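See structure below.
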There are 2 protein chains.
Amino acid sequence: MNVGKHYTRPMPSATETRKALKLAEKLCQERGVRLTPQRRNVLAVINASDQPLGAYDILEQLRAQQPRIAPPTVYRALDFLLTEGLIHKLESLHAFVGCHHPDHPHHSQFLICEDCGEVDELHSPLVRDSLDDAAKARGFAPKHSTVELLGRCARCQA
Amino acid sequence: MNVGKHYTRPMPSATETRKALKLAEKLCQERGVRLTPQRRNVLAVINASDQPLGAYDILEQLRAQQPRIAPPTVYRALDFLLTEGLIHKLESLHAFVGCHHPDHPHHSQFLICEDCGEVDELHSPLVRDSLDDAAKARGFAPKHSTVELLGRCARCQA
DNA sequence: AGCCGTATCGTTACTTTATAACATACGACC
DNA sequence: GGTCGTATGTTATAAAGTAACGATACGGCT
Ligand SMILES: [Zn+2]
Ligand SMILES: [Zn+2]
Ligand SMILES: [Zn+2]
Ligand SMILES: [Zn+2]
């Protein structure tokens with residue numbers, strides 16, 4: 001996959017990653033759904049990355065510990081994590097990123113840097129409202145939104 | 001592919017399709033690029049459909065006339081048509097639709113009905129501006145936007 | 001403890017989507 | 001006619017995603 005090429009940004013710290021996992025565990029418990037080891041592993045891999053990861057990237061990493069793991073296992077875990085709002089899928093990259101605000105469902109907008117691979121998750125109410133208005137004007141009832149801007153982040157322009 | 005299932009909407013009329021092709025030819029001529037027969041064929045197939053088409057759907061249709069045509073030919077034509085803004089790619093469907101306003105480059109928003117497969121191409125200035133503002137606030141320079149809402153169109157809700 | 005229904009996972013095989021690499025054709029220009 | 005650039009043909013393969021089915025683990029019950 002290797003989304004970013006030019007600059008290297010720091011990987012998320014182990015502390016951050018652990019905190020995100022803790023939160024995920026808490027949320028799953030509250031919701032009465034099971035963050036099983038496989039799901040936890042997949043989430044851990046995603047959260048430990050500074051870049052969006054493709055399903056097969058995740059697979060490859062998991063194989064370090066579990067050599068015989070196969071695609072369906074990963075995709076099932078991804079489906080679960082998506083449903084629970086713990087991760088997002090970037091359609092334009094065929095890749096997945098951890099959600100920064102998994103406590104409640106939301107629509108996000110993503111700024112994706114083509115140079116360094118950084119992904120910025122926004123929740124602009126203006127964007128959301130303008131999209132809702134546009135849909136409403138057509139009598140359209142949205143269920144899911146995909147909003148992704150590809151370009152260059154501030155750092156990579158400098 | 002077969003995006004829509006419940007309702008059947010009328011296919012674009014032959015007249016509409018011909019008009020779109022004429023316009024594409026004119027635009028390409030103006031721009032000094034070549035709308036070759038293959039490219040024209042791909043565009044014709046897309047414009048003649050009432051639904052977004054996957055690359056392999058297009059391939060299959062072209063094979064009626066050209067049995068030995070292969071994926072790269074279709075993808076190359078699609079790349080050209082995307083570059084020229086004659087079609088759009090719907091990332092969330094891995095499918096392509098004709099552009100309704102190919103005369104000048106633009107960012108669109110798509111309302112995609114999961115029931116009937118209808119795709120509505122919008123150009124809401126409010127959406128565009130709010131996205132631009134959000135990006136600007138982060139110092140992000142967008143090159144390409146993907147904005148797709150999946151849900152149910154007005155007709156399919158009734 | 002033992003049983004049962006369901007959720008999760010393992011495993012194999014496969015489909016769908018997309019591209020790399022290299023060969024060939026063809027027109028424009030000198 | 002030779003060279004160059006663009007477009008296409010052709011073969012093979014990569015990358016992304018899923019169907020199907022059996023095995024196992026888990027939670028709730030007696
Ligand atoms: Zn989020
Ligand atoms: Zn960057
Ligand atoms: Zn358009
Ligand atoms: Zn509909």
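Below, chain A is the first sequence line, B the second, and so on; all start at residue 1. Scope of the values below: all heavy atoms of this structure, side chains included, with no hydrogens, waters or symmetry mates. None of these values were measured; they are calculated from a predicted model.
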Quick one: A:Leu93 CG to C:dT17 P, roughly how many Å, whole number? 19 Å
Rounding to an integer number of Å, can you tell me how far B:Leu82 CG sits from C:dT17 P? 16 Å
Would you say a side-chain N or O of B:Thr73 is under 4.0 Å from OP1 or OP2 of D:dT8? no
Residue list, salt bridge (Lys or Arg N to Asp or Glu O under 4.0 Å) with A:Lys26, at least two apart or on another chain: A:Glu30
Can you name the residues that form a ring pair (Phe, Tyr, Trp, His ring centres under 6.0 Å) with A:His123, not counting sequence neighbours? A:His101, A:His106
Taking only residues two or more places apart in sequence, or in another chain, which ones meet A:Glu60 in a salt bridge (Lys or Arg N to Asp or Glu O under 4.0 Å)? none
Taken to the nearest whole Å, CG/A:Asp57 to C1'/D:dA15 is 10 Å
A correct 5'-to-3' footprint of nucleotides 18-23 of chain C, with B, S and - meaning base, sugar-phosphate only and no protein heavy atom under 4.0 Å, is BBBB--
When you measure from every atom of DNA chain D, which of residues 28-44 of chain B have a heavy atom less than 4.0 Å away? B:Arg34, B:Thr36, B:Gln38, B:Arg39
Find the distance B:Leu78:CG to D:dT8:P and express it as a whole number of Å. 12 Å
Could you list the donor-acceptor pairs under 3.5 angstrom formed by side chains in residues 63-76 of chain A, with sequence neighbours left out?
residue : atom : partner : partner atom : Å
A:Arg63 : NE   : A:Ile69 : O            : 3.1
A:Arg63 : NH2  : A:Ile69 : O            : 2.9

From CD1 of B:Ile69 across to P of D:dG9 the rounded distance in Å is 6 Å
Kindly write out the residues that satisfy side chain to side chain contact (heavy atoms under 4.5 Å, CB included) with A:Glu148, not counting sequence neighbours, or none if the list is empty. A:Leu90, A:Glu91, A:Ser92, A:Phe110, A:Ile112, A:Thr146, B:Thr146
Interatomic distance, A:Arg63 CZ vs C:dT11 P [rounded to whole Å]: 11 Å
Run the side-chain donor-acceptor check on residues 127-144 of chain A: report pairs under 3.5 Å with partners two or more places apart or on a different chain.
residue  : atom : partner  : partner atom : Å
A:Ser130 : OG   : A:Leu126 : O            : 3.0
A:Ser130 : OG   : A:Val127 : O            : 2.9
A:Ser130 : OG   : B:Ser130 : OG           : 3.2
A:Arg138 : NH1  : B:Asp120 : OD1          : 3.2
A:Arg138 : NH1  : B:Asp120 : OD2          : 3.0

For B:Glu84, all residues meeting side-chain hydrogen bond (donor to acceptor under 3.5 Å, both in side chains), sequence neighbours excluded: B:Arg31
